[in-house]
Asks: 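The structure that follows is given in the form of structure tokens.
When reading the values below, keep in mind they use all heavy atoms of this one structure, side chains included, and skip hydrogens, waters and symmetry mates.
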Amino acid sequence: MTDNENQGLSSVLSRRNLMQTVAGLGVASVAGCSGLDSGGGGGTVDPVQDRVSVDPADIKRGGTFRAGLGSAVDTFDPPESTSATSSVHHNLLYEGMTTTGASGEIYPWLAESYEQEEVQDIKRTAYTDYMTEVQYAETDDGTVFIDTDEQIVIQHPDNPSDPSAGDTARVLTVAEVGDAIADGTYGMQYRFQLHEGITFHNGEELTADNVVASYERLRGSALSGQVFDSLLDVQRDGDYTVDLYVQIPDAAAIRELSDFSIYPTEITGKPGQSQNVPLGQMDPRESHEPMGTGPFTLTDYENESYATYSKFEDYWFDTAMKDWFEGPSDFPNGPVVDEVDIAVTSDPSKRAGSLQEGEIDMTRGLSSSAQTNFQNSEDFRTAPTDGAGFTFMQFPVTQTPWDNAKLRRAVNKLVPRESIASNIFQGWENPAWVPLPPLAAGKGTADYEQLVEDLQSYNTYDPEAAAEMLDEVGEEAGIEYPIEVTLETNSDNKDRVRTVELIVQSLNQEINGTKYFEASINTTEFLTFISQLLSKNYYKKGNIAFIGLSGGFGPHGYAKSIHHPDNFAQCCNFQNVDIDRLNQKLRNARYGVDVATDPELRQERYEEVWEIILEENANSYGTHSTTVGVVSNAVKGFNSYPSVQNIVGYGLYNPADEQITYLDR
């Protein structure tokens with residue numbers, strides 16, 4: 001299979017996507033980094049450390065669960081959000097056709113059941129006859145884009161690789177996918193049977209039309225690049241049956257595409273029509289109440305300050321509806337607290353103080369020293385879970401001298417990961433010896449311990465080896481030392497700032513009498529930093545960016561999100577990373593009948609991906625996270641979810657893991 005035959009979305013945007021991206025660069029719309037939960041798999045090992053359980057007979061109902069988080073909601077409209085913290089709010093309001101337990105197992109949720117109907121061995125070139133011709137255009141700053149308002153699904157592999165304004169592109173847009181499906185041209189088909197009788201917050205019953213119209217809301221959104229690399233179309237087949245079509249065989253399709261939020265007609269309008277509430281405006285700040293099927297409704301919101309949610313009394317769920325539920329018959333059919341209050345306090349030390357003073361019941365994102373102090377206190381409990389997050393340092397790979405992979409590998413050996421994990425994070429995070437955390441290892445390697453043994457040498461702190469490589473680079477490429485460079489991170493995360501300070505100190509050391517770098521640090525408030533990273537010109541600055549990303553249960557996102565051109569100026573390819581051989585290996589590990597039906601082959605192909613990532617070293621992975629919720633002793637049963645996006649919603653209620661939290665005060 002060649003690169004061209006399996007080409008998905010390219011880095012050239014459509015007019016609609018371009019305008020959406022430009023419009024979304026304001027601080028109010030871009031609040032952070034959350035990786036789409038892409039990739040297949042998930043295992044059976046519970047990542048929750050020292051899980052606490054609850055006897056339903058002991059539950060006390062009612063009360064207000066008060067959480068403190070570090071940043072505000074960017075938008076209540078999920079397709080326009082790239083913020084992990086915002087997803088905490090979204091997961092109280094909205095639900096998808098499937099849900100996921102802490103170990104990554106997928107369960108039908110709004111859907112009563114789902115099954116794979118068909119897999120066909122086709123490539124994206126099979127859609128050539130359905131494509132239309134569209135011209136390229138150019139913005140004032142020289143960005144070339146495909147001049148169409150339609151959501152592009154597939155581009156023809158023979159489109160110009162370096163187009164100019166006026167050139168022609170052949171594309172498959174959402175306007176043509178119906179004809180292809182009608183002719184039997186698609187890679188995979190999944191059929192979802194929805195539960196009957198589920199109601200939205202406004203009283204409307206959930207039907208297949210709601211699912212179709214909600215997926216249409218993803219078109220042209222901030223998440224579109226992460227959706228239309230796989231999705232072909234979603235269609236109804238009766239009032240409660242939904243068919244999800246995938247472009248080509250995709251081993252990650254069910255996880256990547258089945259859990260998007262579903263909204264009532266009041267928001268979306270009917271399928272195929274204009275959205276009743278424009279994209280990005282399902283938000284109280286836009287005078288539109290956010291509505292879904294979730295267990296809570298938004299009752300009060302103060303911008304940048306707090307949000308209050310009340311229990312939805314007509315919540316649809318009943319454990320008897322789910323044949324996968326194996327818990328006790330008296331397990332609750334929804335959260336047992338009456339209200340959830342989420343306060344915004346950017347300073348972690350102030351959130352810690354609020355928890356100590358009894359002003360809130362739960363928080364996360366504290367400094368490692370604060371977490372250790374709470375762990376040692378009899379009045380509080382830390383709830384750690386092996387996390388889906390990681391920190392990474394992204395190099396300006398298009399700028400000299402950072403376009404030299406050997407130089408980047410040398411810098412990688414000056415990152416003191418063990419010292420960072422043990423001294424700065426006090427053991428709450430672990431050195432990222434490989435780009436894949438243990439949480440997502442099930443589909444990404446046949447033997448995680450062997451993978452670490454084989455690849456750890458790339459990431460071992462070794463100044464002598466780094467100096468030898470730098471001397472070679474200097475001679476080969478005519479580079480003079482010291483190299484001046486600025487490392488940038490967000491100022492409101494003390495552990496992250498201390499990490500970058502330690503890396504800068506390591507870069508600035510003399511090795512055998514030679515100083516190779518003159519490094520400095522620049523810190524910026526989080527929302528401002530993110531808006532800079534998501535601009536289309538950040539990669540030209542020549543600075544090294546250091547930030548964190550919350551991923552998912554599958555392996556693919558840990559590689560694609562920070563390397564692939566689909567994610568340029570989205571989350572989270574800030575430096576215009578585009579490595580042909582890595583792009584190809586990523587495609588081969590996810591797409592095709594072979595990997596969709598052979599898990600062992602898929603593991604082998606991902607093992608090749610991790611080694612290429614370390615050879616190219618466009619990103620240096622720092623540490624793998626532990627997700628830690630800290631709660632007062634009045635909170636009973638709370639366990640943290642691996643991804644911070646669902647730390648509150650999961651803690652309050654998830655019957656897949658018999659997870660329930662109540663208040664005893």
Side-chain angles (χ1 to χ4, degrees), residues 1-2 4-10 14 36 38-40 96-98 106 111 113-132 150-159 170-194 208-209 211-219 223-238 240-260 271-272 556 566 586-598 602:
M1 182 181 296
T2 68
N4 285 343
E5 287 174 329
N6 201 26
Q7 179 178 333
L9 296 176
S10 81
S14 71
L36 191 65
S38 60
M97 291 191 292
T98 62
I106 301 172
S113 62
Y114 70 88
E115 59 183 327
Q116 186 184 94
E117 293 285 311
E118 195 169 8
V119 180
Q120 300 187 119
D121 188 9
I122 68 168
K123 298 180 176 66
R124 290 187 171 96
T125 48
Y127 298 96
T128 298
D129 291 343
Y130 304 96
M131 292 182 174
T132 59
E150 294 284 1
Q151 172 66 58
I152 294 175
V153 181
I154 299 171
Q155 294 188 42
H156 196 279
D158 294 335
N159 285 347
R170 283 187 290 172
V171 297
L172 182 79
T173 75
V174 294
E176 296 89 43
V177 294
D179 291 338
I181 292 170
D183 291 342
T185 303
Y186 52 84
M188 303 173 77
Q189 177 191 2
Y190 287 92
R191 174 156 290 189
F192 294 80
Q193 189 66 42
L194 302 176
D209 279 347
V211 176
V212 173
S214 296
Y215 274 69
E216 290 176 352
R217 195 171 182 81
L218 294 164
R219 298 172 181 175
L223 296 183
S224 62
Q226 301 181 59
V227 175
F228 288 97
D229 60 350
S230 181
L231 179 65
L232 185 63
D233 200 15
V234 176
Q235 299 182 356
R236 72 187 299 274
D237 186 7
Y240 302 100
T241 303
V242 173
D243 289 325
L244 188 153
Y245 293 94
V246 182
Q247 296 169 18
I248 61 176
D250 180 357
I254 194 64
R255 181 178 298 284
E256 171 142 341
L257 300 176
S258 66
D259 66 346
F260 288 104
H556 203 75
D566 284 357
L586 277 169
R587 288 192 288 269
N588 290 346
R590 175 173 167 182
Y591 299 109
V593 172
D594 49 1
V595 291
T597 57
D598 187 344
R602 191 174 186 224

Asks: With rounding to the nearest 0.5 Å, note down the distance linking NE2 in His556 to CZ in Arg590.
Replies: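 Between atom NE2 of His556 and atom CZ of Arg590 there are 4.5 Å.
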
Asks: Looking at every heavy atom in both Gly187 and Ile122, which two are closest together, and how far apart are they?
Replies: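 Smallest interatomic distance, heavy atoms only, reads N-CD1, 3.7 Å.
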
Asks: Hey, are the side chains of Phe228 and Arg219 touching, using non-hydrogen atoms and a 4.5 Å cut-off?
Replies: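 A side-chain contact exists here, since the closest heavy-atom pair is under 4.5 Å.
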
Asks: Taking the side chain as C-beta and beyond, is there a heavy-atom pair between Tyr245 and Val177 under 4.5 Å?
Replies: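 No - every pair of side-chain heavy atoms lies 4.5 Å or more apart.
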
Asks: How far does CD1 of Ile248 sit from CZ of Arg124, to the nearest 0.5 angstrom?
Replies: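 Going from the CD1 atom of Ile248 to the CZ atom of Arg124 covers 4.0 Å.
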
Asks: For residues Phe192 and Ser258, determine if any side-chain heavy atom of one lies less than 4.5 Å from a side-chain heavy atom of the other.
Replies: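 Yes, side chains in contact.
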
Asks: Keeping Gln120 on the side-chain end and Gly184 on the backbone end, is there a donor-acceptor pair under 3.5 Å?
Replies: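 Yes, Gln120 side chain to Gly184 backbone: donor-acceptor pair under 3.5 Å.
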
Asks: Looking at CZ of Arg587 and CG of Asp229, how far apart are the two atoms once the value is rounded to the nearest 0.5 Å?
Replies: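 So the CZ of Arg587 and the CG of Asp229 are separated by 11.5 Å.
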
Asks: So, does Glu150 use its side chain to make a donor-acceptor pair with the main chain of Val174 at under 3.5 Å?
Replies: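 Pair absent, no side-chain N/O of Glu150 close to backbone of Val174.
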
Asks: Under a 4.5 Å cut-off applied to non-hydrogen side-chain atoms, are Asp250 and Glu256 in contact?
Replies: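 In short, these two side chains do not touch, never coming nearer than 4.5 Å.
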
Asks: Report yes if the side chains of Asn159 and Arg170 come closer than 4.5 Å at any heavy-atom pair, otherwise no.
Replies: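 Counting from C-beta outward, Asn159 and Arg170 do come under 4.5 Å.
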
Asks: Measuring only between side-chain heavy atoms, which start at C-beta, is Pro271 closer than 4.5 Å to Glu216?
Replies: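 Yes, side chains in contact.
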
Asks: Under 3.5 Å, side chain of Tyr215 to main-chain N/O of Leu257, donor-acceptor pair present?
Replies: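 Indeed, once roles are kept as given, a pair shorter than 3.5 Å links the two residues.
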
Asks: Calculate, to the nearest 0.5 Å, the distance between atoms CD and CE belonging to Gln193 and Met97 respectively.
Replies: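 If I round to the nearest 0.5 Å, the distance is 11.5 Å.
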
Asks: My understanding is that only one of Ile181, Thr185, Val246 makes a side-chain contact (heavy atoms from CB on, under 4.5 Å) with Leu232; could you say which?
Replies: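 The passing option is Ile181.
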
Asks: Would you say that Lys123 contacts Pro157 through its side chain, given a criterion of any heavy-atom pair below 4.5 Å between the two side chains?
Replies: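 When only atoms from C-beta onward are counted, Pro157 and Lys123 do not touch, as no gap falls below 4.5 Å.
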
Asks: State which residue, out of Val211, Leu231, Asp233, fulfils the side-chain contact (heavy atoms from CB on, under 4.5 Å) condition with Leu244.
Replies: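 By the side-chain contact (heavy atoms from CB on, under 4.5 Å) criterion, Leu244 pairs with just one of Val211, Leu231, Asp233: Leu231.
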
Asks: Considering non-hydrogen atoms only, spot the tightest contact between Ala251 and Ala596 and give its length.
Replies: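 What the structure gives for the nearest pair is CB-CA, 3.9 Å.
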
Asks: Distance from Tyr127 atom OH to Gln247 atom CD, nearest 0.5 Å?
Replies: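 It is 6.5 Å, given to the nearest 0.5 Å.
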
Asks: Identify, with sequence neighbours excluded, every residue that meets side chain to side chain donor-acceptor pair (under 3.5 Å) alongside Tyr186.
Replies: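 So Tyr186 forms a side chain to side chain donor-acceptor pair (under 3.5 Å) with Glu118.
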
Asks: Starting at CD of Glu117, measure out to CG of Asp243 and round the result to the nearest 0.5 Å.
Replies: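 CG of Asp243 is found 7.0 Å from CD of Glu117.
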
Asks: Do Val593 and Thr597 have side-chain heavy atoms sitting under 4.5 Å apart?
Replies: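 Side chain of Val593 against side chain of Thr597, heavy atoms only: contact under 4.5 Å found.
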
Asks: I need the single residue from Val153, Thr132, Ile154 that forms a side-chain contact (heavy atoms from CB on, under 4.5 Å) with Val171. Which is it?
Replies: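 Considering Val153, Thr132, Ile154, a side-chain contact (heavy atoms from CB on, under 4.5 Å) with Val171 is found only for Thr132.
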
Asks: Checking Arg602 side chain against Ala589 main chain: does a donor-acceptor pair fall under 3.5 Å?
Replies: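 Flag set: sc Arg602 to bb Ala589 pair under 3.5 Å.
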
